[in-house]
Number of protein chains: 2
Amino acid sequence: MKVTMKQIAKEANVSTATVSHVINGTKHITEEKYKKIMEIINKYNYMPNSTAKNLRQKKTKTAGLIVSSFPDTFITEMVYGVEERAREMGYNLLLINTNEDRNYEEETMNLLYSRMVDGVILSPTSNDIEYLNKFTNEEFPVVLVNRYNDTAKNIPKVTGDNFQTGYDATIHLLRHGHKKIGMIYGVSNVSTTDDRIRGYKEALNQHNIPFNENYMELGHATVLGGAAAVKSLLKRHSDITALFIQNDLMTIGAISQIKESLLNIPEDIALIGFGDFASAPIIDPPVTNIMLPPDIIGRTAFDALLSKINNSDYKKHIELPPSLITRKSCGCK
Amino acid sequence: MKVTMKQIAKEANVSTATVSHVINGTKHITEEKYKKIMEIINKYNYMPNSTAKNLRQKKTKTAGLIVSSFPDTFITEMVYGVEERAREMGYNLLLINTNEDRNYEEETMNLLYSRMVDGVILSPTSNDIEYLNKFTNEEFPVVLVNRYNDTAKNIPKVTGDNFQTGYDATIHLLRHGHKKIGMIYGVSNVSTTDDRIRGYKEALNQHNIPFNENYMELGHATVLGGAAAVKSLLKRHSDITALFIQNDLMTIGAISQIKESLLNIPEDIALIGFGDFASAPIIDPPVTNIMLPPDIIGRTAFDALLSKINNSDYKKHIELPPSLITRKSCGCK
DNA sequence: TTGAAAGCGCTAACAG
DNA sequence: CTGTTAGCGCTTTCAA
């Protein structure tokens with residue numbers, strides 16, 4: 001049987017209150033009693049029951065992190081950022097992956113809401129997050145990360161600036177002289193994709209190039225999905241000379257497929273990927289990527305959650321800027 | 001204020017026991033009362049407080065997962081496997097990354113032991129895990145994953161067969177005619193590395209090639225670390241013709257470095273990496289890897305934890321076999 | 001400086 | 001079929 005505070009108290013001939021104070025340093029206890037209590041605690045290797053503590057104090061020092069696609073490079077590093085910051089701030093993290101399942105996401109929110117955690121950081125599966133209002137109305141701290149939309153009110157958000165991401169990548173391709181730029185993405189109806197498309201359109205618009213819906217291709221966010229997506233896109237539009245690909249695995253698949261089609265990168269097809277994955281510099285050809293800082297987004301999201309926990313009115317939207325890392329695949333050098 | 005079971009009971013003119021039974025389906029309740037209770041529950045969007053439930057039931061349906069290096073490709077996918085299996089079995093997962101900090105690992109174990117979780121899956125930082133006995137002696141369910149050693153008694157383990165991994169990779173290189181095979185690794189004094197080295201030695205031994213300590217090179221498990229490691233190793237032994245590299249990031253760095261040294265792969269240096277990372281087929285040259293199945297290891301580890309929770313005598317060691325994926329970097333094709 | 005006691009919200013005997 | 005009641009192990013007034 002696990003030893004409890006009561007037993008420690010009994011053996012030390014003090015009350016549980018005194019033991020509690022010794023453990024938490026909440027009041028001054030005479031040297032003598034303090035020593036005796038500590039001795040018994042060590043003797044039994046006693047650890048306070050945190051479930052009981054949580055119940056009593058109505059807080060758990062635990063945060064929930066719900067992501068929709070794991071393991072994905074961007075998400076993984078974002079998780080790392082959240083985890084790291086949580087640890088620094090003395091919090092634990094409950095990690096849940098919804099696997100892009102909208103209903104499981106809501107179920108999970110319900111579960112976490114039942115006082116399991118002090119708040120949650122959510123990277124939602126879809127645009128359908130109005131249901132979050134039922135939690136925020138109850139003052140349950142929620143922050144959106146990575147993906148967002150505005151149907152959920154009074155919620156802080158930490159995201160990358162995906163409009164700028166789409167804009168910068170497209171402008172770069174445009175400057176290399178491309179006019180027919182395809183875009184390959186892995187998830188639809190989420191802000192990350194939508195915002196990048198808006199940026200793409202804006203860049204095109206500034207160059208007086210009409211937007212062509214058919215240059216957009218949705219595929220699975222996997223190596224195979226990327227390969228299939230280029231194949232289908234180039235079949236439809238063999239006039240495309242450049243590609244902007246929204247996910248590292250898809251970029252890898254796309255490159256395989258392009259090589260298999262005996263096309264050259266960047267001569268026949270120039271290409272910009274997303275997220276600066278480790279192997280990018282040694283791929284043939286080295287790949288140009290535009291990236292958003294996942295770890296910083298994660299850390300910032302945790303800080304935003306802390307702000308929200310301390311002040312239920314907090315609802316800033318923090319957007320981190322992208323950076324372009326040019327290599328050969330876009331035509332540079 | 002959050003609504004409690006007591007308030008639901010009061011409004012429905014029943015006892016909390018009845019409400020509890022309705023919620024948990026633990027006893028049959030008359031249709032009429034059932035309906036009324038459910039109605040009130042829905043009206044207030046009531047969710048039982050799981051902290052209280054946990055305290056009462058002495059279990060949390062939550063498991064802890066402590067890893068030492070995140071995000072690392074292998075670990076990330078292993079985390080995914082654990083998470084997926086936990087979800088399937090109705091458990092939540094508390095994820096902690098120790099960042100290879102041995103003391104933080106022990107602190108974390110203490111924390112989780114305080115009834116926060118029903119058990120923990122640990123991928124330890126070091127060989128120094130004798131301290132785990134203090135938990136297992138208290139019947140706290142712990143399973144080791146990925147890394148292990150035998151100073152912790154009565155603990156189930158789920159790992160890859162790293163001896164076989166080292167053996168198979170080395171044999172393959174040997175069959176390509178290599179006799180001077182360097183090995184680059186990222187962590188020392190852990191079973192994964194040690195076992196692979198044992199396998200490497202055994203393969204050498206079977207081919208009557210003496211083991212040379214100086215062909216082993218430790219570096220940081222990063223792209224830069226991999227580059228630095230080859231550089232230093234080849235400087236010391238320019239006669240080396242093949243490399244076995246223990247980590248995907250290091251493999252990527254090593255390839256960059258070898259190219260920079262104007263050496264050709266596989267003609268000058270043949271190479272086998274570890275873990276079949278996505279970009280391996282499109283790197284120049286495509287890289288041969290030996291891999292262990294991280295997701296299956298993760299899933300199996302969770303099942304082992306469940307076994308341990310249900311039977312404190314459970315202590316199997318499950319070892320999953322490696323598989324070699326040959327491409328050009330080893331000299332194949 | 002310390003202790004008594006109430007109670008966090010729930011479950012589970014047990015009794016009716 | 002339903003209610004009473006006694007805790008789970010801790011923190012925190014309040015009083016001494």
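Protein chains get the first letters and strands the later ones, always in sequence-line order, with residue 1 at the start of each.
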Next on the checklist: Applying a 4.0 Å non-hydrogen cut-off, can you work out what Tyr46(A) is touching in the nucleic acid: base, sugar-phosphate, or nothing?
Outcome noted: sugar-phosphate
Item to check | Asp118(B)-Thr60(B) side chain donor-acceptor pair, cut-off 3.5 Å | outcome: yes
Checklist entry - For Lys308(A) and Tyr314(A), which heavy atoms make the closest approach, and how far apart are they? => result NZ-O, 3.1 Å
Checklist outcome for this item: DNA chain D nearest-nucleotide lookup for Ala52(B) and Thr18(B): closer to the 5′ end is Thr18(B)
Next on the checklist: I want to verify a distance call: between dT2(D), dG9(D), dC8(C), whose nearest atom is closest to the Thr30(B) side chain?
Outcome noted: dT2(D)
Item to check | Interatomic distance where CD1 belongs to Ile37(B) and P belongs to dC10(C) [whole Å] | outcome: 14 Å
Item to check | Distance test, side-chain N/O of Gln57(B) to OP1/OP2 of dC10(C), below 4.0 Å | outcome: no
Next on the checklist: Between Asn149(A) and Thr151(A), is there a side-chain donor-acceptor contact under 3.5 Å, judged purely by atom types and distance?
Outcome noted: yes
Item to check | Arg299(A) bridged to Glu84(A) by N-O distance under 4.0 Å | outcome: yes
Item to check | Euclidean distance, atom CG of residue Leu55(A) to atom P of dC8(C) [Å, nearest integer] | outcome: 9 Å
Checklist entry - Hey, does Asn24(A) reach any base, or is it just sugar-phosphate, or nothing, if we go heavy atoms under 4.0 Å? => result sugar-phosphate
Item to check | DNA chain D: 5'-proximal contact among Thr16(A) and His28(B) (nearest heavy atom) | outcome: His28(B)
Next on the checklist: OP1 or OP2 of dG9(D) versus the side-chain N and O atoms of Lys10(A): is any pair under 4.0 Å?
Outcome noted: no
Checklist entry - Any side-chain donor-acceptor pair under 3.5 Å between Gln7(A) and Tyr44(A)? => result no
Checklist entry - How long is the line joining NZ of Lys6(B) and C1' of dG9(C), in whole Å? => result 9 Å
Checklist outcome for this item: The residue among Ile129(A), Ile96(A), Asn110(A) that forms side-chain contact (heavy atoms from CB on, under 4.5 Å) with Glu105(A) is Ile129(A)
Checklist outcome for this item: When rounded to whole Å, the NZ to P distance for the pair Lys53(A) and dT12(D) reads 9 Å
Checklist entry - When you check the side-chain N and O atoms of Ser68(B) and Arg147(B), is any donor under 3.5 Å from an acceptor? => result yes
Item to check | Interatomic distance, Met5(A) CE vs dG7(C) P [rounded to whole Å] | outcome: 19 Å
Checklist entry - Within less than 4.0 Å of OP1 or OP2 of dG3(C), is there a side-chain N or O belonging to Ser15(A)? => result yes
With the criterion being N/O to N/O and under 3.5 Å, what pairs connect the protein with nucleotides 13-16 of chain D, and how long is each?
none

Checklist entry - Starting at CG of Asn54(B) and ending at C1' of dG9(C), how long is that distance when rounded to a whole Å? => result 11 Å
Item to check | Tyr34(B) OH to dC1(D) P, straight-line distance once rounded to whole Å | outcome: 14 Å
Next on the checklist: What is the distance, to the nearest angstrom, from the NZ atom on Lys59(A) to the P atom on dC10(D)?
Outcome noted: 17 Å
